[in-house]
Amino acid sequence: MRITADREACIGSGLCVLIEPAVFDQSDDDGLVELLDEGPLTDTVGTVEDAVQRCPAAALGSYPD
Ligand code: SF4
């Protein structure tokens, strides 16, 4: 699985970072999401899917390798 993050949609809530800090971070400049690992993901698939579902701005997406 690979992951996408739409910084235009992100509102900087930080929820994804709390759920999976190995994949998501927030910019020091604007607080918006930054991807640390775009994939292919293996060990973090479950938590990343959780973050995709729970993002309040629907800014995250996933797609198969
Ligand atoms: S959970 Fe969504 S809105 Fe919040 S920082 Fe992550 S991508 Fe942005």
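All ligand and atom numbering here is 1-based and tracks the order in the structure. Side-chain atoms are counted along with the backbone in the values below, which use heavy atoms only and exclude waters and symmetry mates.
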For [atom], find the nearest protein heavy atom and state the residue, atom name and distance (0.1 Å precision).
{"atom": "atom 4 (Fe) of ligand 1", "result": "S13 OG, 2.3 Å"}
{"atom": "atom 8 (Fe) of ligand 1", "result": "C10 SG, 2.3 Å"}
{"atom": "atom 5 (S) of ligand 1", "result": "G14 N, 3.2 Å"}
{"atom": "atom 3 (S) of ligand 1", "result": "I11 N, 3.4 Å"}
{"atom": "atom 6 (Fe) of ligand 1", "result": "C16 SG, 2.3 Å"}
{"atom": "atom 2 (Fe) of ligand 1", "result": "C55 SG, 2.2 Å"}

* Asked: Does any non-hydrogen side-chain atom of V48 lie less than 4.5 Å from one of S62?
  -> no

* Asked: Is any side-chain heavy atom of R2 closer than 4.5 Å to a side-chain heavy atom of L41?
  -> no

* **Closest heavy-atom pair and its distance - D37, V23** => O-CG1, 3.5 Å

* If you measure from each non-hydrogen atom of L60 to ligand 1, which part falls under 4.0 Å: side chain, backbone, both or neither? -> side chain

* Verify the cluster assignment for V17 and V52: are they in a single hydrophobic cluster under the rule of side-chain heavy atoms below 4.5 Å apart? => yes

* **Linked, directly or transitively: V45 and I19 (ILVMFWY side chains, under 4.5 Å)** => no

* Donor-acceptor side-chain pairing of D30 and S27 below 3.5 angstrom -> yes

